[in-house]
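Report on one structure; see the data block that follows.
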Amino acid sequence: MFEFLKHITPKIKILFLSLFFILIPGAIISYLSMKSIQEKADNQSIKFHGTTNLVRDKLESKLYQLETNFRNSVIDSILILERETEIQTLLQKLDHKYPAFTNLLLVGKNGELITSLLTHGQHKGSSSAAPSSELRKIFSKAENREFIEKNYMGAIDLYRSLYNRALSPQDKVIIHARIGRNYYKLGHFKQGILEYEKVLVYANESISIGNIPASIAALHQIAEGYQESGALNERNEILFELYQQLLYHPWDLSGGDYLYYLNSVIQQIHSAEADSMVELRSLEVRILDQSAYLHLIESEILGGLMSELKHLTSSEINHKSYQSEPGPAIELAYFILPPSIKQAQFLALAFQFDKDYLLTEIFPRELAAVELGKDITVGILNEQDSLVYLQNDLQLTSYLVAENFTQFFIPWKVALFDSTGKTIEQLSARERHLYLGLFIGILAVMLMGIVILVRAMIHESEISRMKSEFVANVTHELKTPLALIRMFGETLDSGIVTEESKRREFYSIIRKESERLTHLINNVLDYSRIDSGNKEYDFDETDLVTVIRHSLEAYKFHIRDMGFEIESKMPEDAVMILIDKDAISQAFLNLLSNAVKYSEERKHIRVEIVRETNSVLISVTDQGIGIASDELKKIYDKFYRVPNDMVKKPRGSGLGLTLTRHIVEAHRGKIEVDSEPGRGSRFTIRLPLT
Ligand code: ADP
């Protein structure tokens, strides 16, 4: 299958195979896992949508149930009622009893409305009896004095003359109010105020002064009296009371009078900021909202609603959303009343859900029973997509999925939130990133493994190449001196050399060659001892100068014979040091023989011993071929020989420097090299003296 790989170098082969067996399956696995993450995200999304729908349906069915109960109860209650005022009370009661519903509107056949908003206690004073004819006579006389004759005191006297009569509360209220008015005209505000205060005593819900509840009218006048007489504190107190009265007993939300009074009080009272104002303010907002709502219903919605109601036959509940400009949509629910209802003048009931109540009571209660998992929260979004309810007290903005309501509050949405605020994309992205990171991590580790493997293999093959080169070199190194020794030995043995000087020369050659042999064999043996951890050193207090000098002497002549110039500089005095003298000598000779081997034209060698305070340096400097800087680190490696372009590379074992360094380090010393290709090298052994 991989025939073609035969012709490729092992490095590329390994790379190719690792690519094939690791990267491609890795890519496939990562593709598949990405795909499955995507599928998981899709499933997740479907699941979330399903959950949202379930929650939405649950909420809607609750609303449906509430609404149906409410409708049945309304129908049952209306069935037993007769009078219009009772109906108003009933509507208010229903509004109260069913807090989920609000703004009840009973729609008459001709578009007239009775609402739960209209009154919250005080009705229009319509039931008061008209004053008797005798009373009316005195009233008109007094009015004549007041308005035509401008005789205010006279008018007051006339009204006062009525005091002893048996008067209805309504009449008493009118008399005191008129006396008060005349005192005001006279500028006697104090007396005027006293009269209006009497009005307050007699006033009750059904008593009015010209269509306005008597208490409201009187309070208003008292406030004005204080204002005129400069008693501002008292005026403010009265205004506050008036404000409360208006808010707690609104009497006609759709009428201009009520809003007029409320508005004028609001404008004056705004400076008074007390704690009790907070509640009043919210009541005010609510009442003004209701009033605006009622106005909107009457002016914009009622017409269309009427024509729709006429076509309805069953009392099913319908929902409609009206968009008022500007402002939020008005959601109205309505149903027609069954024909059996006696109050035939009423056609239908319209109402609204109390959204605040739904959001604070109904929804939380319903959702509390829903088990969604610890990281999921439900929220409700309104038509502007802003959060109006969130199950937990979290600050979340982005949701996972959202589904519109289908029957109620159609522009609203039920949304699922991740409790950490993540979107569905972010959720799956997190997983995707995790997997991707993991995959890249694994891949990186695999690639690292491959690189290490390739390097180790290259190193191994390099070592084995060096080893075979070593064998070839050593064999040659052994053979050459042996051949020489044998040849000269045989020559001498044959007796043909008679000349004494020649024989000496031959002996000398035999001795030198056997020394070379010894040196080589020593190196190889030492290396094998070091390699197997058996090398032992024999330390002795020795004069280093003598050791080096003797070693140099032994080879000096031989080296000079080869045309070298040797320069040496050594201290006069002995340098005593604890060393294995044979080992140090061997280390030095290795450096010396390298200097000889790796010199070409400039055959100059300098040997130097320098004593420093704490150490002694032995250096061998040549002017030979030098070593490239990137090779400097490797020359100490076993069997390593700098690849050389020189045609005649000197033979060697690649062990000399390995051994030298080992010896030096065994003496707690260091070996350094300073070399430049083409200029020469200097090897320095530094041995510590202590
Ligand atoms: P070898 O038997 O090859 O000389 P060594 O371990 O003694 O082994 O040296 C390793 C290599 O370092 C040598 O092959 C040579 O390339 C380089 N080298 C060592 N000494 C010198 C030097 N004085 N000048 C140039 N190159 C040297």
Side-chain angles (χ1 to χ4, degrees), residues 1-33 436-478 520 523-535 590 594 597-598 625-666 671 673 675 677:
M1 179 181 172
F2 297 112
E3 283 297 298
F4 63 98
L5 286 176
K6 275 185 183 164
H7 312 289
I8 302 174
T9 63
K11 205 169 164 182
I12 306 231
K13 211 184 283 182
I14 292 168
L15 279 176
F16 175 82
L17 289 176
S18 46
L19 254 168
F20 193 84
F21 286 115
I22 296 173
L23 289 183
I24 294 177
I28 293 171
I29 290 169
S30 72
Y31 170 75
L32 290 177
S33 48
L436 206 68
L438 221 70
F439 178 69
I440 289 173
I442 291 171
L443 214 65
V445 171
M446 279 175 164
L447 285 177
M448 237 160 69
I450 293 170
V451 169
I452 291 168
L453 193 79
V454 168
R455 284 181 64 160
M457 288 180 76
I458 290 168
H459 188 68
E460 272 309 307
S461 73
E462 190 71 356
I463 293 231
S464 81
R465 185 191 61 75
M466 289 194 296
K467 263 185 184 163
S468 52
E469 207 174 271
F470 163 79
V471 171
N473 283 347
V474 168
T475 319
H476 177 86
E477 294 273 290
L478 286 171
L520 176 70
N523 267 355
V524 174
L525 284 178
D526 273 351
Y527 168 73
S528 78
R529 279 193 208 111
I530 286 170
D531 206 31
S532 61
N534 289 331
K535 170 83 180 163
N590 280 340
N594 279 352
K597 275 199 287 185
Y598 304 108
I625 58 171
I627 306 163
S629 59
D630 54 340
E631 297 286 347
L632 288 177
K633 263 197 191 156
K634 302 186 235 169
I635 53 176
Y636 300 105
D637 293 349
K638 59 183 177 187
F639 306 126
Y640 188 80
R641 310 196 70 224
V642 175
N644 218 309
D645 295 339
M646 283 167 57
V647 189
K648 271 202 289 173
K649 167 141 180 152
R651 291 270 170 175
S653 59
L655 288 177
L657 288 179
T658 316
L659 273 173
T660 304
R661 185 169 69 171
H662 192 275
I663 292 166
V664 171
E665 283 175 356
I671 180 163
V673 58
S675 182

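All values derive from a computational prediction rather than experimental measurement.
Put simply, CG on D526 and CG on N534 are 11.5 Å apart, with the number rounded to the nearest 0.5 Å. Rounded to the nearest 0.5 Å, atoms CG (L659) and CD1 (I530) are 4.5 Å apart. Between T658 atom OG1 and Y640 atom OH the span is 12.0 Å, to the nearest 0.5 Å. Note that the CG atom of L655 and the OG1 atom of T660 stand 10.0 Å from one another [nearest 0.5 Å]. In this structure, CD1 on I458 lies 10.0 Å from CG on L453, to the nearest 0.5 angstrom. In this structure, CD1 in I635 is found 7.5 Å from CD1 in I671, a value given to the nearest 0.5 Å.
In this structure, P643 and E631 approach most closely via the heavy-atom pair CD-OE2, 3.9 Å. Closest approach of N523 and G656 over heavy atoms only: ND2-CA, 4.4 Å. Minimum interatomic distance between Y636 and V673 (heavy atoms only, all atoms of both residues): OH-CG1, 3.7 Å.
Contact annotation: the side chain of L657 never approaches that of N590 to less than 4.5 Å [non-hydrogen atoms, C-beta and beyond]. The shortest distance between side-chain heavy atoms of K597 and N594 falls below 4.5 Å.
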